[in-house]
Amino acid sequence: MRKLFALIAVFGMLTIGASKLMAQEESAEAAPVATEQTSVSETIPTTPTSIDDEEIESTSMHAAIKQKFIEGGAGFMACVVLCLIFGLAIAIERVIYLNLSDTNTKKFLANFEDTLNNGGIEAAKDYCRNTRGPIASIFYQGLCRYKQGIEMVEKSVVSYGSVQMGLMEKGLTWIGLFIALAPMMGFLGTVIGMIEAFDQIQAAGDMSPALVAGGIKVALITTVGGLIVAMILQVFYNYCTAKVEGIVNNMEDASVSMLDILVKYEQKNK
């Protein structure tokens, strides 16, 4: 019996020793692999990320705008965006047209007077025909009535000045429409969002802040979108209006100067 216990004890000791020896060998084999991995990782240089902070910020901003657009409701937000697109298209076209219509009035009058005195009415007509802008067009129409007298020239200038003024103001009413329509669409989305919020309260039978917050959030997003569009278009509208007023004032001053130049020319050639 004692021999049996002794054999069991010896067998147990041998088993424990063998397990410890195997564990040491496995750890010894794993150590070089780890060191190789660490050495490889140390030798490989870390490459910097290709995305800059500005790109990350722009991406996050675009994602935030897209998220707010979806949260505000695709229908009403799409109408607000369409108001912005059409309004900007008309405004940019008006800005380009008005900037091309604006000319140096003093230089034009000096060249017109020199051409008239040196080349006569026909030369002055050619000069006005080849010059861009409403002032040159008004002068050309007035010169076409020169043979009928100064009074007919004045009436022609006044009449055609009104035509040029209408051409410059063309499209501004549409910009004003989009300025008024964008916040109205936003307010309509606000009212509908509030109605949906109260419908959810009525269906749930409970005044939960989390339940109301969703509808109010959608309502406020549409309002903010409409107001932003209206403010952007209002800046372009005021710029175009101020530009038209400046050109009209130059037209009136130039028309008076033209009549004086023609009177002097007529007295000179009598």
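These numbers come from a predicted model, not from an experiment.
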Going hydrophobic residue to hydrophobic residue with side-chain gaps under 4.5 angstrom, can you get from [X] over to [Y]?
{"X": "Val224", "Y": "Met184", "answer": "no"}
{"X": "Ile179", "Y": "Phe187", "answer": "no"}
{"X": "Ile92", "Y": "Ile90", "answer": "no"}
{"X": "Tyr140", "Y": "Val256", "answer": "no"}
{"X": "Val153", "Y": "Val158", "answer": "no"}

Nearest 0.5 Å please: distance from the [atom1] atom of [X] over to the [atom2] atom of [Y].
{"X": "Asp102", "Y": "Arg132", "atom1": "CG", "atom2": "CZ", "result": "8.5 Å"}
{"X": "Met185", "Y": "Cys83", "atom1": "CE", "atom2": "SG", "result": "7.0 Å"}
{"X": "Leu262", "Y": "Glu113", "atom1": "CG", "atom2": "CD", "result": "10.0 Å"}
{"X": "Lys125", "Y": "Leu143", "atom1": "NZ", "atom2": "CG", "result": "7.0 Å"}
{"X": "Ser162", "Y": "Leu167", "atom1": "OG", "atom2": "CG", "result": "11.0 Å"}
{"X": "Glu122", "Y": "Leu116", "atom1": "CD", "atom2": "CG", "result": "11.0 Å"}

Side chains of [X] and [Y], heavy atoms from C-beta outward: is any pair under 4.5 Å?
{"X": "Met258", "Y": "Ile261", "result": "no"}
{"X": "Asp126", "Y": "Thr115", "result": "no"}
{"X": "Arg94", "Y": "Val244", "result": "no"}

Locate the shortest heavy-atom distance separating [X] from [Y]; write the atom from each residue and the value.
{"X": "Thr105", "Y": "Ala254", "value": "CG2-CB, 3.9 Å"}
{"X": "Tyr265", "Y": "Gly120", "value": "OH-CA, 3.6 Å"}
{"X": "Pro134", "Y": "Ile247", "value": "CG-CG2, 4.0 Å"}
{"X": "Gly186", "Y": "Thr223", "value": "O-OG1, 3.6 Å"}
{"X": "Val157", "Y": "Ser255", "value": "CG1-OG, 3.2 Å"}

Legend entry - Inter- and intrachain pairs under ring-ring contact (aromatic ring centres under 6.0 Å, His included), touching residues 84-122, at least two apart: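 Listed by first then second residue: Phe108-Tyr127, Phe108-Phe139, Phe112-Phe139.
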Legend entry - Gln141 backbone acceptor or donor facing Ser156 side chain under 3.5 Å: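 Yes: the side chain of Ser156 pairs with the backbone of Gln141.
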Inset, instruction - List the steps, then state whether side chain to side chain contact (heavy atoms under 4.5 Å, CB included) holds for Gln148 with Lys155. - result: CA-CA 11 Å; Gln148 300 176 8; Lys155 290 180 180 179; over 6 Å; no
Identify each donor-acceptor pair in which a side-chain atom of residues 225-240 lies under 3.5 Å from a protein atom, sequence neighbours left out, and give them as a table.
residue	atom	partner	partner atom	Å
Gln234	NE2	Asn238	OD1	3.0
Tyr239	OH	Asn99	OD1	3.3

Legend entry - Which residues share a side-chain hydrogen bond (donor to acceptor under 3.5 Å, both in side chains) with Tyr146, sequence neighbours left out: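 Partners of Tyr146 under the side-chain hydrogen bond (donor to acceptor under 3.5 Å, both in side chains) test: none.
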Inset, instruction - In sequence, state the C-alpha distance, the side-chain angles, and the governing distance for Phe178 and Ile175, and then conclude on side chain to side chain contact (heavy atoms under 4.5 Å, CB included). - result: CA-CA 5 Å; Phe178 292 128; Ile175 299 176; 5.7 Å; no
